[in-house]
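The next block holds one structure in the form of structure tokens; read it before the comments.
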Amino acid sequence: ILTVTAPDTDENRTITLPDATGTLLTEVADDAITLAKMASGTDGNVISYDASGNPVAVATGSAGQVLTSAGAGAPPTFAAGGLVLVASSVDMTGGGTTYASIIIDQCFTTDYENYLVVGGFGVEASGNCRVQMRIGGSGSESTLTSGNYKYVGMDYENENGSLTKNELAHDSDTEFPIAIDVTPVFSDGNFFNMWVYSPMNTATDTLLSLQMSSYDGDNDARDRRASCNVGNTDATGLFFANSSGNLDEHAIYVYGLVKS
């Protein structure tokens with residue numbers, strides 16, 4: 001029991017605490033603390049707990065990062081996660097500038113081991129589109145042109161309702177053909193995705209894994225599934241071209257897969 005004297009009277013006032021460890025504060029009810037009652041913090045911080053069970057503020061990450069667990073006994077942190085856009089080549093002006101080739105240099109770095117390339121393109125005239133790996137430092141990349149592309153796959157074509165299948169194979173080509181006889185119109189559906197595995201690892205071949213959907217010059221739907229080994233590479237970039245005329249409007253994006 002705590003006894004105090006009121007300031008404006010001679011009468012004593014008695015305050016009874018709940019127990020020996022009680023305080024003069026009224027017990028806070030569940031869910032009674034509002035945001036206005038919390039201490040100010042830093043924009044983007046996240047409240048977590050440390051190994052001792054004490055509350056901590058997780059520092060704000062950078063744009064595009066995700067909250068990543070550090071396992072038991074440590075608060076999480078913001079880090080790059082999943083796929084990160086590292087480079088792109090985009091021109092959607094609709095038949096304006098044409099390109100003898102589309103080159104995306106310095107898109108492969110030691111920051112990532114594997115990459116996903118996605119995109120679509122139009123062509124000036126129907127032809128066979130190809131991709132080649134490029135190597136070298138910034139501003140000095142060169143195209144691999146000698147017997148480095150060993151690939152296998154299958155083409156599927158819907159020709160007026162009839163399915164046609166064609167095998168795709170080469171042991172030492174100078175390039176990797178990603179589409180055949182594609183239509184000049186981007187919006188018709190000349191789209192692809194291609195995984196690029198270990199382009200900068202000189203101890204192993206680079207592996208390309210492709211899925212390409214397109215329309216040919218006769219407006220028949222085509223689907224190409226193929227894999228390609230590229231030998232002797234320390235690749236830093238990509239090269240796209242068309243065998244008949246130039247490439248036209250396009251949107252190609254290179255994403256790095258974050259290392260686990």
Side-chain angles (χ1 to χ4, degrees), residues 44 46 58-72 74-92 101-121 129-138 141-144 148-154 168 175-179 189-214 223-241 250-260:
V46 175
V58 176
T60 306
S62 302
Q65 290 185 327
V66 296
L67 192 62
T68 304
S69 173
T77 58
F78 282 98
L83 295 171
V84 178
L85 180 64
V86 295
S88 64
S89 178
V90 180
D91 181 354
M92 296 298 295
S101 62
I102 297 171
I103 296 170
I104 307 177
D105 279 334
Q106 299 302 299
C107 59
F108 303 138
T109 69
T110 56
D111 292 338
Y112 308 96
E113 184 174 0
N114 303 313
Y115 295 81
L116 175 63
V117 185
V118 298
F121 49 80
C129 292
R130 64 188 191 276
V131 63
Q132 293 171 298
M133 309 297 292
R134 289 169 62 83
I135 61 174
S138 179
E141 291 84 354
S142 59
T143 304
L144 291 177
N148 290 300
Y149 298 84
K150 182 177 183 178
Y151 51 82
V152 62
M154 184 72 73
L168 176 72
E175 59 200 24
F176 181 33
I178 62 174
N190 303 318
F191 301 111
F192 72 95
N193 62 76
M194 180 176 68
W195 284 99
V196 182
Y197 297 97
S198 302
M200 299 193 72
N201 187 349
T202 57
T204 63
D205 289 349
T206 296
L207 176 64
L208 310 179
S209 180
L210 170 79
Q211 191 275 320
M212 175 81 196
S213 298
S214 63
D223 184 81
R224 171 165 289 196
R225 309 293 176 100
S227 297
C228 177
N229 280 70
V230 189
N232 303 319
T233 61
D234 182 9
T236 54
L238 292 167
F239 172 98
F240 297 86
H250 63 277
I252 301 173
Y253 302 90
V254 182
Y255 295 88
L257 179 62
V258 174
K259 299 176 182 178
S260 59

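This chain uses plain numbering: 1 for the first residue, then up along the sequence.
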Heavy-atom closest contact ([X] atom, [Y] atom, distance):
X: Asn190; Y: Met212; value: C-CE, 3.6 Å
X: Met200; Y: Thr110; value: SD-N, 3.7 Å
X: Ala87; Y: Ile104; value: CB-CG2, 3.8 Å
X: Pro177; Y: Leu168; value: CG-CD1, 4.4 Å
X: Ser198; Y: Thr206; value: O-OG1, 3.3 Å
X: Asp205; Y: Gly231; value: OD1-CA, 3.5 Å

Determine yes or no for a side-chain-to-main-chain donor-acceptor pair under 3.5 angstrom, with [X] supplying the side chain and [Y] the backbone.
X: Ser101; Y: Ile103; result: no
X: Asp91; Y: His250; result: no
X: Arg225; Y: Ser209; result: no
X: Ser213; Y: Phe191; result: no

- Task: Name all residues meeting the side chain to side chain contact (heavy atoms under 4.5 Å, CB included) criterion together with Thr77; count only those two or more places apart in sequence or in a different chain, and write none if there are none.
- Result: none
- Item | Test side chain to side chain donor-acceptor pair (under 3.5 Å) applied to Asp223 and Gln211, step by step | CA-CA 7 Å; Asp223 184 81; Gln211 191 275 320; 2.6 Å; yes
Nearest-0.5 Å distance that lies between atom [atom1] in [X] and atom [atom2] in [Y]:
X: Leu208; Y: Lys150; atom1: CG; atom2: NZ; answer: 14.5 Å
X: Leu238; Y: Tyr115; atom1: CG; atom2: OH; answer: 10.5 Å
X: Arg224; Y: Ser214; atom1: CZ; atom2: OG; answer: 8.0 Å
X: Tyr197; Y: Asn229; atom1: OH; atom2: CG; answer: 12.0 Å
X: Glu175; Y: Tyr151; atom1: CD; atom2: OH; answer: 7.0 Å

Determine whether [X] and [Y] make a side-chain contact, defined as any pair of heavy atoms from C-beta on separated by less than 4.5 Å.
X: Phe192; Y: Val118; answer: no
X: Val58; Y: Pro76; answer: yes
X: Arg130; Y: Ile178; answer: no
X: Leu116; Y: Met194; answer: no
X: Val117; Y: Ile252; answer: yes
X: Asn114; Y: Val196; answer: no
X: Tyr112; Y: Val86; answer: yes

- Compute the ring centroids of Phe240 and Phe121, then answer whether they are less than 6.0 Å apart. no
- Check whether the ring centres of Tyr149 and Phe176 lie less than 6.0 Å apart, and answer yes or no. no
- Message: Tell me every residue that passes ring pair (Phe, Tyr, Trp, His ring centres under 6.0 Å) with Tyr253, counting only those two or more places apart in sequence or in another chain.
- Response: none
- Task: Check side chain to side chain donor-acceptor pair (under 3.5 Å) between Thr109 and all other residues, then give those that pass, not counting sequence neighbours.
- Result: none
